[in-house]
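This report concerns only the one structure given below.
Naming: A, B, ... by sequence-line order, numbering from 1 per chain. Excluded from the calculations below are hydrogen atoms, water molecules and symmetry mates; all remaining heavy atoms, backbone and side chain alike, are included.
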Amino acid sequence: MDFEIRFNSDDNHKKIRIKGENLIALPDAYTVIDIETTGLDQRYDQIIEIGAVKVVNNSITDTFESLVQPDPSLVLGDNDEWQTEYVDEFITELTGITNEMLESAPPPEEILPKFIAFIENDTLLGHNIHFDINFLYDLLIETVDHRLSNNFVDLLRLSRKVYPHFENHKLATLASLLGVKEVKGHRALSDCRITHECFQELVHSVHIRNIDLDSLWKSRSKSRPGYIRALDLRELKPEGFTVNEDHPIYDKYCTFTGKLERMDRRTAAQIVVNIGGKCLNSVTKETNFLILGNFDYCSSIRDGKSSKLKRAEELMLKGQDLKVLSEDIFYDLITSY
DNA sequence: TCTCCTCGAGATCT
DNA sequence: CTCGAGGAGA
């Protein structure tokens, strides 16, 4: 580990979290974690409850649950004399955790050592687990000088790949669609249980459908399963019967460079093919038209020339029948005739 | 054809 | 944060 502090121009100094590895795996032993907080913002909000569920051989063997008293000095504002306002009505409504409950809750110094002992070096599982880990990481460093370096698995990330057709991937939606019954509201331990059961369903799905997990991510290499071919414009077939033999693009080869403003590249290429033209992925000896999009998003090019444009200019010097078209001219062309 | 990069769009956590 | 699109360069 090289350095923990990095200096930043806009932020005086900002802590870098050296977290464990984000695994793409389906372990059969893990510890689920979940926290409740006073809000979503890592900078201002605090942990009010920690829950954890230890799983071995896909079964729950132990649980951990405790409220945590937030630092009163960092709290919103003392609304009045008799009680500190740790949480607002929204959080109480959402979680059922009240200011009275937090008033008598143990402070982090008391809870965190127990939590560390509970999770040991287990692989952690959570839904959108970055949220929980970031909060815990900071509090652990701050109060007991412990660096949370456990590897972890994110149910949200897995579910987006395994169930791409789901309307969304909120925990409640997963539970409902996977047939996991939700118990009472948003409490740390009950959410851990739900996360655990959803994960078990996901593992089941992966086995039944015989999915190779790794192939869902990279392994874009053509030889492997799960390979997604890059868009090959040469393979586009005409749709409809708009072919026009008198059109300047008819039977000509077109290449695109840069990002088109008014439509995506595939749509533009399809129109070319419908007219009776042909598309290429790169500038070649056959290219007749190079359509120029913009490069505003590409800092390395911006006002310069793309490699495709340079190649095109070389070929034009050699006498090739090739014209460079701006996007506007291109649209005029395809919408005429 | 493959790897690395940057960018923008879109979610999810309380 | 994660992912896909697209460009560059080997």
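- Nearest to the side chain of A:Asn128, among B:dT14, B:dC13, C:dT2, sits B:dC13.
- One interatomic measurement links the two molecules: CG of A:Asn134 to C1' of B:dT12, which rounds to 13 Å at whole-angstrom precision.
- A:Lys19 pairs by the side-chain hydrogen bond (donor to acceptor under 3.5 Å, both in side chains) definition with A:His130, A:Asn134, not counting sequence neighbours.
- Distance A:Asn22 CG to C:dC3 P: 8 Å, rounded to the nearest Å.
- Rounded to an integer number of Å, the gap from CD of A:Gln42 to P of C:dC1 is 10 Å.
- Consecutive Watson-Crick or G-U pairing (both distances under 3.5 Å) extending over three or more pairs maps onto DNA chain B as B:1-10 with C:1-10.
- Listed by chain and number, the residues in a salt bridge (charged side-chain N to carboxylate O under 4.0 Å, His left out) with A:Lys161 amount to none (sequence neighbours excluded).
- Listed candidates were B:dT12, B:dT14, C:dC1. Nearest to the side chain of A:Ile91 is B:dT14.
- Between the CG atom in A:Asp122 and the CG atom in A:Asn151 there is a gap of 11.0 Å [rounded to 0.5 Å].
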Using atom names, set out every protein N or O paired with an N or O of nucleotides 9-11 of chain B below 3.5 Å, distance rounded to 0.1 Å.
residue	atom	partner	partner atom	Å
B:dA11	O3'	A:Arg160	NH2	3.2

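- Between A:Leu174 atom CG and B:dC13 atom P there is a gap of 9 Å when expressed in whole angstrom units.
- Residues passing the salt bridge (charged side-chain N to carboxylate O under 4.0 Å, His left out) test with A:Glu49 are A:Arg187, sequence neighbours excluded.
- The stretch residues 187-196 of chain A touches DNA chain B through A:Asp191, each having a heavy atom under 4.0 angstrom from the strand.
- Put simply, CH2 on A:Trp217 is 11 Å from P on C:dT2, counting in whole angstrom units.
- Computed from coordinates, the A:His127 NE2 to B:dC13 C1' distance equals 9 Å when rounded to whole Å.
- In this structure, A:Lys54 satisfies the cation-pi test against A:Phe118, with its NZ or CZ atom closer than 6.0 Å to the six-membered ring centre and inside 45 degrees of the ring normal.
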